[in-house]
Number of protein chains: 4
Amino acid sequence: MVKKPAPDSARRSERSRRAIYDAALALVAEVGYPRTTIEGIAARAGVGKQTIYRWWESKADVLLEAFLDLSEQASRDAGPEYGFAIPDTGDLAADLKAVLRLTVDQLGDPRFEAPSRALAAEGVVNEQLGRVFVAKLLEPSLQLYVDRVRAAQSAGQVRRDVDPRIALELWVSPLAQRWLQHTGPISYDYTDTLVEYALNGLAPRTPDVPSGPSGTPEHGPVGP
Amino acid sequence: MVKKPAPDSARRSERSRRAIYDAALALVAEVGYPRTTIEGIAARAGVGKQTIYRWWESKADVLLEAFLDLSEQASRDAGPEYGFAIPDTGDLAADLKAVLRLTVDQLGDPRFEAPSRALAAEGVVNEQLGRVFVAKLLEPSLQLYVDRVRAAQSAGQVRRDVDPRIALELWVSPLAQRWLQHTGPISYDYTDTLVEYALNGLAPRTPDVPSGPSGTPEHGPVGP
Amino acid sequence: MVKKPAPDSARRSERSRRAIYDAALALVAEVGYPRTTIEGIAARAGVGKQTIYRWWESKADVLLEAFLDLSEQASRDAGPEYGFAIPDTGDLAADLKAVLRLTVDQLGDPRFEAPSRALAAEGVVNEQLGRVFVAKLLEPSLQLYVDRVRAAQSAGQVRRDVDPRIALELWVSPLAQRWLQHTGPISYDYTDTLVEYALNGLAPRTPDVPSGPSGTPEHGPVGP
Amino acid sequence: MVKKPAPDSARRSERSRRAIYDAALALVAEVGYPRTTIEGIAARAGVGKQTIYRWWESKADVLLEAFLDLSEQASRDAGPEYGFAIPDTGDLAADLKAVLRLTVDQLGDPRFEAPSRALAAEGVVNEQLGRVFVAKLLEPSLQLYVDRVRAAQSAGQVRRDVDPRIALELWVSPLAQRWLQHTGPISYDYTDTLVEYALNGLAPRTPDVPSGPSGTPEHGPVGP
DNA sequence: TACTAATCGAGACGGTACGTCGGGTCTTAAT
DNA sequence: ATTAAGACCCGACGTACCGTCTCGATTAGTA
């Protein structure tokens, strides 16, 4: 992530690095991302500006690393041995609902909200940073859903021809969009509903009784 | 939105307003949002800085109005009588796929991409602006889906207990997230798949007929 | 003093003119000349900016006229019939001292100080205005000294080869400089001393007769 | 004179300081004081505006220092060993006339005129700056007159009860006023006359010899 | 007395400069 | 060699006024 004639990272001051992380996160939480300045971070961290410019390319870069560090720390604290996973009780719907409820809680945690909003916003406009953000923070979480969906496929609860990476977006993206863009309220009910819609679809279940005239004959040759 | 001793909007210079819109959109497209400055907009528009500060509160505000104006213009040009609508051929899936393909095209249009990304990003971090952005630009479009889903409910193609406002997020939000956060590629195949997953659900169709090879054989194993 | 395509002064609003004079003098006294602005004068006078620009060329111009008006008013109030004059009691030294003491008082009058300092300062740097200032305000006063000195010459108290216009500078200019440039304190003693030095010269009187009655026995060892 | 968390003057850029002095003096000479802007000085000096604001409080402050520097330089160039002095040939009148003629020349030197007028004008209105101007630039010159007058007193050419600080104003102030306020022309004749009037006074010399009334016996080698 | 043209209060406009903030580079001294 | 400190050049900020330019609404002098 650093491009300059790489300084000697062996001599790097660990103390300064930590102080910078702390200052950056604190400032973003306190005054918001746009009013967080490199000078401000340096001053708060008791560090020279050059120390920041030496090791990072931009304000966003600093915050990204700081937030990554925070996340690692959090997951180390939370799960000593395993790094989070989605439970598998055999009931996919229930498992997803449970995890999404935790996510709802986390999205409201002010400790995470300010920096993650800031990074997400920066990522919208700055593709390079956006990709790092996604790769380092988002994808690992999404992968857990991929795994869980695969397990459900093995258990016959999800059709085998479904692409798990796309499937998970049916519940993850709506929640993400509501949070990111303030397009709607976020609640347990909401996420529960998403899971149900996603697993069951919107179309009426073909009445297992052949008599049913309705159905959805019009779209796609569902069934013979 | 203006706080100072409200300027007299009757005497406002229409010429300047248009020039400012044009300059703002052009600059965002050319150098990107963060490098677009109010000073730059004023200079390019041949306008005094104060004329911008008199009528808008911030750079984001200017761009938002400029973009709104652009959109209105576009929809006026496009649909003389009706302001866009989702076709209703009777086949919900087909209609949604068609509209989403248009959306995919539009998301790639550089004319719209720069300003809408910029505004979306700003809205992530600036809730006030975000809400205006959503209310003025996003919701009107989403409302069209609500209407179409309601029609489908009347036609018996969608369960009556489904909330259309949530339903539409099953295909809109995934697309939105991939575009906003660069979480994945965007293609016709992708949006087609979203529509199918959303309408049919992920769970296997209750095998109404034991022999039934149900599922959705037509589109095979989608995904990367 | 006005160069533009002369507006019709017959239609000029006397009310506005007076309000502008008052506002200008008040502002200069309150906030000082540099922080007195045309906009400020207009606002305070309840007058449109154009009304000022129509009749005056510059801030200095406005103030100059306002001050001239003030002076005329003052001299009309002070001396109904005669417009100031220096007394002629036959004792030139006494007359000059008396008038200079009045001048000392006037220089300390805050009503006059702010605007006259402002105008003097402007005149230092802006020769055109300076000349008007001198011609309209300073010279008329100096002329009174010229007259008095001429009278003294007729009375044999001042040498006939002395140029009165230069002579008066011996006491006027030192006082003026101390006031303008803050080069020294101003007091009755000081002006008295100036008159004596000027009339008697600095060189020792040739002790024509040891008992000589001339000289200036009355003022003893002046100065610190 | 600086109020902010005093910058470290040890690290001050000498190069910038000189460039700022040069630019300030040049601009004042070229476009006049009021049209000389801090921005202009910075641009011409190839310096950031902040570098000016860091070390000076105002435009007047910059110019004052620049002019002080110029004067020091000039006096260093002119008199390597002694820093100017008024000659003492034994003839006070002649010595004063000589020095005043030099002053007349200097007042016409465009190199000095613009900045010194500007500073004088500023000092009229801004007492703080005025006092610095006087103390640093004016008084040192006046002191030379004080010394010369004292010497004349010792030599019996000037009365012992005369205050030299006031005496010198008899010729300095008239010249100063004519120059500052454009109240009259400046010439060698004029300054010569001032010296004669000041030394001999305006009142007729007591006719030491009843016969010789005319001529100018009065100012030659004063004293018996 | 009504007409009508100039002046008036008001303030938006294109500009210039202000004084401040922060970005990113560079220098210094201390560790 | 890295660090804290901070001066430096630079660009943009948001504000204050400049002097010009419309706007109705008076407001005189003329018809």
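Throughout, protein chains are lettered first and strands after them, A, B, ... in sequence-line order, and every chain is numbered starting at 1.
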- Do the side chain of C:T37 and the main chain of C:G40 share a donor and acceptor less than 3.5 angstrom apart? yes
- Any donor-acceptor N/O pair, D:R117 side chain to C:V124 backbone, under 3.5 Å: yes
Please report, rounded to the nearest Å, how far the [atom2] atom of [N] is from the [atom1] atom of [X].
{"X": "B:R17", "N": "E:dA12", "atom1": "CZ", "atom2": "C1'", "value": "15 Å"}
{"X": "B:E57", "N": "F:dT15", "atom1": "CD", "atom2": "P", "value": "11 Å"}
{"X": "A:D61", "N": "E:dG23", "atom1": "CG", "atom2": "C1'", "value": "15 Å"}
{"X": "D:R12", "N": "F:dC9", "atom1": "CZ", "atom2": "C1'", "value": "16 Å"}
{"X": "A:I41", "N": "F:dA4", "atom1": "CD1", "atom2": "P", "value": "14 Å"}
{"X": "C:I52", "N": "E:dG11", "atom1": "CD1", "atom2": "P", "value": "15 Å"}
{"X": "B:D8", "N": "E:dC13", "atom1": "CG", "atom2": "C1'", "value": "13 Å"}

[X] vs [N]: side-chain N/O to OP1/OP2 distance below 4.0 Å:
{"X": "A:S16", "N": "F:dA4", "answer": "yes"}
{"X": "C:W55", "N": "E:dA6", "answer": "no"}
{"X": "B:T51", "N": "E:dA12", "answer": "no"}
{"X": "D:W56", "N": "E:dG19", "answer": "no"}
{"X": "B:R54", "N": "E:dC13", "answer": "yes"}

- Query: Between D:Q50 and B:E14, which has a closest nucleotide on DNA chain E that is more 5'?
  - Reply: B:E14
- Query: In residues 24-40 of chain B, what residues come within less than 4.0 Å of DNA chain F, judged by heavy atoms?
  - Reply: B:T37, B:I38, B:E39
- Note on the structure: Result for 5'-nearest mapping on DNA chain F, choosing between D:S13 and A:G46, is A:G46
- Query: When you look at CZ of D:R15, are more than 12 heavy atoms from neighbouring residues, nucleotides or ligands closer to it than 6.0 Å?
  - Reply: no
- Is A:R111 atom CZ crowded by more than 12 heavy atoms from other residues, nucleotides or ligands, each under 6.0 Å away? no
- Task: Tell me, please, whether A:Y33 has A:K59 positioned over its six-membered ring: NZ or CZ under 6.0 Å from the ring centre and within 45 degrees of its axis?
- Result: yes
- Item | Cationic tip of C:R12 above C:W56 ring, under 6.0 Å, 45° of axis | yes
Gap separating the [atom1] atom of [X] from the [atom2] atom of [Y], nearest 0.5 angstrom:
{"X": "A:L25", "Y": "A:E30", "atom1": "CG", "atom2": "CD", "result": "11.0 Å"}
{"X": "B:K136", "Y": "B:S71", "atom1": "NZ", "atom2": "OG", "result": "11.5 Å"}
{"X": "D:L27", "Y": "D:T36", "atom1": "CG", "atom2": "OG1", "result": "5.0 Å"}

- Task: Examine the base of E:dG24 for any acceptor or donor lying under 3.5 Å from a partner atom in the side chain of A:K49, and report the outcome as yes or no.
- Result: yes
Distances under 3.5 Å between protein N/O atoms and the N/O atoms of nucleotides 3-5 of chain E, please, pair by pair.
none

- Task: Please name all residues satisfying side chain to side chain donor-acceptor pair (under 3.5 Å) with D:S16, sequence neighbours left out, ordered by chain then number.
- Result: D:S13
- Message: Please pick, from E:dG23, F:dA7, F:dT15, the nucleotide with the shortest atom-to-atom distance to any side-chain atom of A:Y53.
- Response: E:dG23
